[in-house]
Amino acid sequence: MPPTPSPRRTELLDACYAYLLDHGLTGLSLRPLAAATGTSPRVLLYLFGSKDALVRELLARARHEQVRMMAEVLENKDKGDDGGLEALTDRLWDFLSSPAQRPMVRLTYEAFLLSLTRDPGPWAGFAGEAAREWLDLLVRAQSPDTPPALAEARATRALALVRGLLLDLLACEEPDRVAAAMHPRPPVTDDGPHPSGKQDTQAHTP
């Protein structure tokens, strides 16, 4: 087991986490990690026990930090926000899709996919834990009058949309197209937007 947490251990964990956000998980090696954080592989092994243990601690840090920030976003209503599920999902999307969150989101997806491989190693369990934490956040943010099963079903559907579009954003870096899918607008006719999202052909029939 690693020694009792110390200021040096905390400092190195912060530095390793910053390195992970910049470089990702694939091909992570102790030697360049140690060099970038101003220490040695030997010190990292002493403080964290093993490379796998360090990776697990870094992934836990990533999950907890992201969940903390997401919780703050869901709690802080904008002016005119009715607090409904659509507004909650929009707030979550605006936060997660922002350029500032791109390194965190990329790391989350990388760990998510690695944890689903046949031999996940230190990433084992990350996908399930992250999925449950995100779901619980959005369930709790809904009105307490919402039946639990309905709140969970709605949150599951909303998060599937957010996760899918975030993956599209990471893959293609086309923020305008992806944002338009998140907030689709009805087509505009000569008479203005049609309430059903479809053009009124009868209005233009000779």
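The structure displayed is predicted, hence computed values, not measured ones.
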If we only count heavy atoms from C-beta on, is the [X] to [Y] side-chain gap below 4.5 Å?
X: Gln66; Y: Glu133; result: no
X: Trp93; Y: Val178; result: yes
X: Glu152; Y: Leu138; result: no
X: His183; Y: Asp94; result: yes
X: Leu167; Y: Arg163; result: no

Would the number of heavy atoms belonging to other residues, nucleotides or ligands and lying under 6.0 Å from [atom1] of [X] be above 12?
X: Arg42; atom1: CZ; result: no
X: Arg157; atom1: CZ; result: no
X: Asp22; atom1: CG; result: yes

Interatomic distance, Glu129 atom CD to His64 atom NE2 [nearest 0.5 angstrom]:
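Glu129 CD to His64 NE2: 8.0 Å, rounded to 0.5 Å.
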Please report the interatomic distance CE(Met70) to CG(Leu96), rounded to the nearest 0.5 Å.
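Rounded to the nearest 0.5 Å, the CE-CG separation comes to 5.0 Å.
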Closer than 4.0 angstrom, basic N to acidic O: yes or no for [X] and [Y]?
X: Arg106; Y: Glu110; answer: no
X: Glu173; Y: Arg102; answer: yes
X: Arg61; Y: Glu57; answer: no

